[in-house]
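First the structure, in the form of structure tokens, and then the observations on it.
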Amino acid sequence: MDVLRHGTPAAVYRGIHPHWDDSFLFYREGVFRRASSPDFGWWKLGGETRDTLTLAWKRWDPMELEWKGENFQGPSVTLARLDGSRSLWELPPPDEGALE
């Protein structure tokens with residue numbers, strides 16, 4: 001997991017949850033983390049049009065978020081791309097084994 005310590009995020013999204021508001025840092029290698037907590041996991045865009053974002057947390061249950069026009073929405077988290085950041089669709093797909 002050196003990428004979390006030494007890598008540069010390729011995309012940054014604002015995550016809003018009922019209990020916190022934090023930046024999500026996404027890396028090309030298929031890893032993501034919250035900026036102000038130790039929580040991390042693996043990400044993947046899926047679905048027929050790649051409009052479903054799966055977040056496979058290391059310590060929490062996996063979460064699926066659907067693209068709703070301007071952000072990803074899930075049961076408890078909304079992710080919105082920060083101005084000036086790349087979109088997840090601009091990144092190469094992470095390794096297929098990243099979520100296994």
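Everything quoted here is computed from the prediction, not taken from an experiment.
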Angle between ring planes, Trp57 versus Phe24, binned at 30° and 60°: parallel, tilted or perpendicular? perpendicular
Mind checking salt bridge (Lys or Arg N to Asp or Glu O under 4.0 Å) for Asp22 and listing every partner two or more places apart, or none if nothing turns up? Arg34
Excluding sequence neighbours, so at least two apart, what forms side chain to side chain contact (heavy atoms under 4.5 Å, CB included) with Asp61? none
Would Leu45 and Thr52 count as a side-chain contact (heavy atoms from CB on, under 4.5 Å) here? Give the steps. CA-CA 6 Å; Leu45 285 173; Thr52 301; over 6 Å; no
Show me the donor-acceptor pairs within less than 3.5 Å that the side chains of residues 70-83 make with the rest of the protein, sequence neighbours left out.
{"unit_1": "Asn71", "atom_1": "OD1", "unit_2": "Gln73", "atom_2": "NE2", "d": "3.1"}
{"unit_1": "Arg81", "atom_1": "NH1", "unit_2": "Ser85", "atom_2": "O", "d": "2.6"}

A side-chain contact here means heavy atoms from C-beta on lying under 4.5 Å apart; do Leu91 and Trp43 qualify? yes
Salt bridge check, Arg59 against Asp39: does any charged N sit closer than 4.0 Å to a carboxylate O? yes
What class does the angle between the rings of His17 and Trp20 fall in, given that below 30° is parallel, 30 to 60° is tilted and above 60° is perpendicular? parallel
Common cluster, Met63/Ile16, ILVMFWY with side-chain heavy-atom separation under 4.5 Å: no
Indicate, with yes or no, if the rings of Trp89 and Trp67 have centres closer together than 6.0 Å. yes
Minimum side-chain heavy-atom gap Leu25-Phe32 below 4.5 Å: no
Strictly below 4.0 Å, N to O, side chains only: are Arg14 and Asp21 in salt-bridge contact? yes
Decide yes or no on ring-ring contact (aromatic ring centres under 6.0 Å, His included) for Trp42 and Phe26, but give the supporting numbers first. CA-CA 9 Å; Trp42 298 265; Phe26 291 89; over 10 Å; no
Of all heavy-atom pairs between Tyr27 and Arg33, which one has the smallest distance, and what is that distance? OH-NE, 3.3 Å
